[in-house]
Every structure is written in structure tokens, then in C-alpha cells.
J.: 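Pasting in a structure now, in C-alpha cells, and then I'll have a few things to ask.
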Amino acid sequence: MRSLPEADPGLPDLRGPLRFLWWNARRQGGPLLVGIGYAVLWWLVQALMPAALGQGIEAVTAKDTGALLLWSAVLLGLGLVQALAGIMRHRMAVYNWLAAAYRTVQLTTRQSARLGATLPKRLSTGEVVSVGNSDIAHIGSSMDILLRATGAVVAIVTVTVILISTSLPLGLLVLFGVPLMAVAVGPLLRPLHRRQRHQRELTGELSTRAADIVAGLRVLRGIGGEQVFSERYRDESQRVRHAGVRVATIESVLEGAQIVLPGLLIAVVTGVGASFAVAGQIPTGQLVAFYLYAVFLIGPMRTLTEAADKLTKGHVAAGRVIRILSIDPEMAGGSGQSKGGVLRDPASGVTVRPGTLTAVASGVPDEAIAIADRLGRYADGDVTFGDAELSTLPLAEVRSRILVADNGARLFNGRLRDELDIRGEATDDEIWQALDTACATDIVEALPDGLDAEVSEAGREFSGGQQQRLRLARALLADPEVLILVEPTSAVDAHSEARIAERLAKARAGRTTLVCTTSPLVLDHTDHVIHVHDGRVRAEGPHRRLLDSSPDYAATVTRGED
């Protein structure tokens, strides 16, 4: 099978789930049409088999050996064509399923990267995860069912035409019976749609709860909160179960209708055909053919009912995907340019001069974080970068030139080497140099496979201090034009902190670096310190001079100690 296509860079029309499904279908229009062609051929060959079998029975009745051999050969040919068409139909069905599902994954992943810090503020983790767990399967199934459903419609029309041409009453019976059965299941679709959407929302909330419990399990054990959260999870899981039972109730009725309604049609068509045969209006071969047509119609009818179910689920899933795609990033960029230079935040008065190691010290950590967010364009502000306003630069350019590394960053699954060198361009010497600066060489040396060791989810095999040092090494390897570090040594011991402070100053010599910290060990190795209080600059200068000249600064960094 050929490789799947890349997702279209443009986002689909966001006016509704149906438009999203239509957009997906148009993006794979060629394979979809080929698959529909094979599905039509597959169903059509099956629809012709009862007619050929009826003619063969007529040949047996008439003791016509030549006709019997002819219709036997026709049946064999139809069987071979059906086998080939069935194989290719299934092949294209799998391709279209994968193309629709993973195009959705590509879109949502790209949108998640585009939203960045905006996404967790607008949607829960569980809701985003559920898109990849269940929604893509429903969207893929909605593309897959289009093949068989289209072929089923063609097969029903073909059988109806054959029956009308053979017996007008029987043809009209099928012609009006099939639409009536389709209408009969219509009232089930709206409540099914509503209950599926409700279950999907509860499932997303439960996934979020599970993620929170797993992430905070150590804390829960420390404070004895395991039982409380276990009961909450149990209550929410029961709500999900009840919602699933309510969905299954309607789905079971729908499944039953797929058997009962076609069965009634078979019974009526067979009964009417038998009465015609007894009266001598149709020959025995045609009676057998009518019975086989009635049995055959179960397949297309079940396919149409299945299509209604899968398209309903696809509609619900598309609505969840649309919810993600319709979110706009809080921060937007422009098309301006900047040669770099002084990074200035007028709201606080913080000025970061190029080529220096600057520190922002605040007794309230949130004040320093707010400044870092504005300087990194994660929050609105009138920040200037050189002679240009930061808001006028393309957001991708801002992200590549200004890196904000805080303790909210995570380690992901994969090789440690890939986790540290995100661009895949650094040599082993450069990686070890960054690890040495972050005092993290002992962490890697203790691993059996060194840099090729596999990191588990969120780097849980490492302690908090080890994770912090590895994140610092990763930030240093990125080597941005401006590096902003938020409390980079808050989780390490004093001895390691002193070494990191000394090595960081040497590693970033001549490049613009801002450290948000109140650690005297780090502040003592900086070129310039800015003391912030109540969100504004109160004093600035070398660390040791501020200790003597600014009592507020001294109280902040020494915490009242002599």
C-alpha cells in the first residue's frame, strides 16, 4: 500500500462537523472514488448472482446442457470478479480509514503545537487525548463506510430494476419496502447522537481525572488523599458506565432493526413470489432467484443501517475535533523584522542588554514569571526587541530566537539523546558539554545505556532535581539568541547550585541570558541584577553592591539571614 498523504496545511471550514467530514473526503477524493468503484463492483456482482443461478436452474429444468454449462461459467466468472473486487475494496477501505484518521491526528497535532500554552488553558488533557484514542477511529470509520454504503445503494437499485423487469408487483414491493425500513430507523439516530456526545464528554473528563491522579500520585500518598481521589474516580467512572449503557440501549435496538426489518422484507417477498410460482405466473428458477434476492438484500440493508450509526459517531467525533481547530492562539505574530538588541519590558522597567547574564530577583515568584512570559511573548505586553515591538514579529521567529525555560517543561518518551538534542544537530561533545554545565553528567553516566537510554513518560525515573538539570541541559543545547531561565536551580542542592551558577556564566558568555531567581549563589555570578517589587524595578546593579545599598533586595535574597 502506498504511503499516506501529508495533511493539507490549511485548516478546514470550521462551520460544522459535517463540513469537516466533507473536507476530509475531498482531501482523499481520488482513493475514495477508487474504493467506491470497487465497492460498487463488489455489490453489483453479488446482485447479479441470483439471476445467473435462476437461469442455471431453468437450464436444469429444461435439460439444456449447453445453457447449464454457460450459466455455470457465468457464475464462476462472477465469483472470481467478486473475490478480486472484495480484496481491492477492503484494501481501499483500510487506506481511506487510515488516511482520514491520521490526517485528523496531523491536524490536531499541528494545531496543538500552534496553540502552545493556550491549549491547556482552554481544554483539558483528557479531552485532547480522547481525540487520538477514539475520535480518529470514528472519523476513519465514517470514510470507510462511504464505500460500502454507496455500493449498497447501487446494489439495491440494481435488484429493484431486475425484480421490476421480471415481476412488477415484486419490484414495487422492494422499491417501497427498502425506503420504509430506512425511515423506520430514523427516529433512533437523534437520541443516539445526543447520548454519544454526552458519553464522549464524560469520557474526556474521566481521562483528565486519571491523568491528574497518575501525575500527582506521590503527593496523594504523602498527604493521604488516595482514598478521596479513588472515590471520585469511581463515581465518575460509574457515570461514564451509565452513559455507555444508555448508548448501548439504542445501539442494541438499531442492531436488532438490522435483522428484523430485512427479515420482514424477505418473508413478504418470498411469500408473494411463492404464491406467483404456485399460480404459474413465474417459473421455479425465478422463484429461487427472488428468494436469493430477498436474502441478498439483508447485506445492503444492514450496511445502510451501519452507515447511519457510523456517520452519527463520526459527526460527534468531528465536532470534538472542530472544537480544537477553532481555538485561536492567545498570542499572534506579525510580519515585522528585528535585528535583535536590547529586550525591554516597559510594564516592569526590566531591560535585558545583549551579551550579558542578567538576573531578575523578586520576593514574589509570580512577578518574575509574569515578566518572563511577557519577554518571551507568552503574555501580552509592549515589549521591544531592539528597534521593533516584539508583537510585530512572526511568532515562529520569536520562539526560535527567545527561549523561555521554566520548571513546567517536561521530558517525553524516547531516547535521552533525542530529548536533550531536540534538533538532532549536536555532536556528542556538545551534548556532554551542556550536561557538564548543568551538572548532569552523573545522571547520564549512571544509566546503563547512557545517552541512548529510554526515557519513560514525563521522565518519572528521575528525581525532581535530576529532571531540572536535564531540562537545563536541553535549554543550553538549543542555544537561542536570548535564553530566559525561570528558577533553574530551585530543586538542586547548594553544592550543585554553586557549580551550575559558575559554569552557566562561562557557557553563556557573550550571549544574552536572563535568569529569574533569588538564589545568592546564582546572583553572585551574574553581570547585572534587577530587583523587582510589586511588578516594578526598584533597584539594579551588581549583586554585591545591591546587598549593601538596597535593604529590600538584601532581605529578598538572604531571607532575613545575616
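This chain uses plain numbering: 1 for the first residue, then up along the sequence.
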J.: Between the main-chain N or O of G464 and the side-chain N or O of Q467, is there a donor-acceptor pair closer than 3.5 Å?
T.: no
J.: Using a strict threshold of under 4.0 Å (side-chain N to carboxylate O), is an ion pair present between D418 and R474?
T.: no
J.: Begin from the C-alpha positions of D534 and E367 and carry the test side chain to side chain contact (heavy atoms under 4.5 Å, CB included) through to its verdict.
T.: CA-CA 7 Å; D534 291 336; E367 292 181 354; 4.2 Å; yes
J.: Mind listing the closest non-hydrogen atom pair of S142 and G314 along with its distance?
T.: CB-CA, 4.3 Å
J.: Is there a side-chain contact between S496 and D493 (heavy atoms, below 4.5 Å)?
T.: yes
J.: Nearest 0.5 Å, what's the OG1-CG distance between T517 and L485?
T.: 10.0 Å
J.: If you round to the nearest 0.5 Å, how far is CG of L472 from OG1 of T437?
T.: 8.0 Å
J.: Measuring only between side-chain heavy atoms, which start at C-beta, is H138 closer than 4.5 Å to K310?
T.: no
J.: Using a 3.5 Å distance criterion without hydrogens, assess whether the side chain of T558 forms a donor-acceptor pair with backbone atoms of A554.
T.: yes
J.: Does one side chain, of T358 or T356, offer a donor that lies under 3.5 Å from an acceptor on the other?
T.: yes
J.: With side chains defined as the heavy atoms from C-beta onward, is the minimum distance between E419 and L470 less than 4.5 Å?
T.: no
J.: Which heavy atom of L477 sits nearest a heavy atom of A434, and at what distance?
T.: CG-CB, 3.6 Å
J.: Please walk me through it: do L476 and L504 pass side chain to side chain contact (heavy atoms under 4.5 Å, CB included)?
T.: CA-CA 9 Å; L476 292 170; L504 179 64; 3.8 Å; yes
J.: Do R344's NZ or CZ and the ring of F385 fall within the cation-pi criteria of under 6.0 Å and 45°?
T.: no
J.: Ignoring hydrogens and angles, tell me if any N or O in the side chain of R399 forms a donor-acceptor pair with the backbone of G376 under 3.5 Å.
T.: yes
J.: Does E461 reach the main-chain N or O of S456 with its side chain, forming a donor-acceptor pair under 3.5 Å?
T.: yes
J.: Where do D144 and N96 land on the side chain to side chain contact (heavy atoms under 4.5 Å, CB included) test, with the steps shown first?
T.: CA-CA 6 Å; D144 165 33; N96 283 291; 5.9 Å; no
J.: Mind checking the CG-CG spacing from L311 to L146? Nearest 0.5 Å is all I need.
T.: 6.0 Å
J.: Can we say D524 and R544 salt-bridge, meaning some charged N sits less than 4.0 Å from an Asp/Glu carboxylate O?
T.: yes
J.: Do R508 and D479 sit within salt-bridge range, that is, some charged N less than 4.0 Å from a carboxylate O?
T.: yes
J.: Which is it for L451 and L435 under the side chain to side chain contact (heavy atoms under 4.5 Å, CB included) test, yes or no, and what are the steps along the way?
T.: CA-CA 11 Å; L451 290 173; L435 289 170; 4.1 Å; yes
J.: More than 12 foreign heavy atoms under 6.0 Å from CD of E454: is that the case here?
T.: yes
J.: Using atom types as modelled, flag every donor-acceptor pair under 3.5 Å from a side chain in residues 386-393 to any protein atom, sequence neighbours excluded.
T.:
from, atom 1, to, atom 2, distance (Å)
T392, OG1, E389, O, 2.6

J.: State whether the side chain of D382 and the backbone N or O of P346 hold a donor-acceptor pair below 3.5 Å, judged by distance alone.
T.: no
J.: To check you understand the geometry: which heavy-atom pair defines the closest contact between A361 and V529, and what is its length?
T.: CB-CG1, 4.5 Å
J.: Using distance alone, with no hydrogens and no angle criterion, decide if H533 and Y553 have a side-chain donor and acceptor under 3.5 Å apart.
T.: no
J.: Quick one: are V557 and L547 in side-chain contact, heavy atoms under 4.5 Å?
T.: yes
J.: Please assess Q28 against R103 for the test side chain to side chain donor-acceptor pair (under 3.5 Å), listing each intermediate value before the final yes or no.
T.: CA-CA 10 Å; Q28 57 194 75; R103 180 180 290 106; 2.7 Å; yes
J.: Taking the side chain from T513 and the backbone from L483, do they hold a donor-acceptor pair closer than 3.5 Å?
T.: no
J.: Which value, rounded to the nearest 0.5 Å, describes the distance between E397 atom CD and E481 atom CD?
T.: 8.5 Å
J.: Report the distance from atom OG1 of T108 to atom CG of L325, rounding to the nearest 0.5 Å.
T.: 7.0 Å
J.: Measuring from atom OG1 of T104 to atom CD1 of I324, what distance do you get when rounded to the nearest 0.5 angstrom?
T.: 10.5 Å
J.: Would you check if V321 and L107 make a side-chain contact, meaning some heavy-atom pair closer than 4.5 Å?
T.: no
J.: Testing Q468, R469, R499, E497 for side chain to side chain donor-acceptor pair (under 3.5 Å) with T489, which one passes?
T.: E497
J.: Does V486 reach the side chain of I369, with side-chain heavy atoms less than 4.5 Å apart?
T.: yes
J.: Are there more than 12 heavy atoms of other residues, nucleotides or ligands under 6.0 Å from atom CG of D442?
T.: yes
J.: Got a donor-acceptor contact below 3.5 angstrom from the D428 side chain to the W432 backbone?
T.: no
J.: If you count heavy atoms of other groups shown closer than 6.0 angstrom to CD of Q466, is the number above 12?
T.: yes
J.: With sequence neighbours excluded, what pairs up with L447 under the side-chain contact (heavy atoms from CB on, under 4.5 Å) test?
T.: L416, A453, F462
J.: Within a strict 4.5 Å, meaning less than it, do heavy atoms of the D436 and T441 side chains meet?
T.: yes
J.: Would S348 and D345 count as having a side-chain donor-acceptor pair, cut-off 3.5 Å?
T.: yes
J.: Take H531 and E540 through the side chain to side chain donor-acceptor pair (under 3.5 Å) test and state the conclusion after the steps.
T.: CA-CA 6 Å; H531 179 222; E540 54 184 311; over 6 Å; no
J.: Nearest heavy-atom pair of T556 and S362: which atoms, and what distance?
T.: CG2-C, 3.9 Å
J.: So, the side chain of R511 versus the backbone of A507: is there a donor-acceptor pair under 3.5 Å, distance only?
T.: yes
J.: Answer yes or no: is there a side-chain heavy-atom contact under 4.5 Å between N413 and V455?
T.: no
J.: CZ of R353: more than 12 outside heavy atoms within 6.0 angstrom?
T.: no
J.: Give a yes or no on whether a salt bridge exists between D452 and R417, defined as a side-chain N under 4.0 angstrom from a carboxylate O.
T.: yes
J.: State, to 0.1 Å, how close L115 and I327 come at their nearest heavy-atom pair, and which atoms those are.
T.: CD2-O, 3.4 Å
J.: Kindly give the heavy-atom pair with the smallest separation between A438 and A473, and that separation in Å.
T.: CB-N, 3.9 Å
J.: Less than 4.0 Å between a side-chain N and a carboxylate O, is that true for D406 and R471?
T.: no
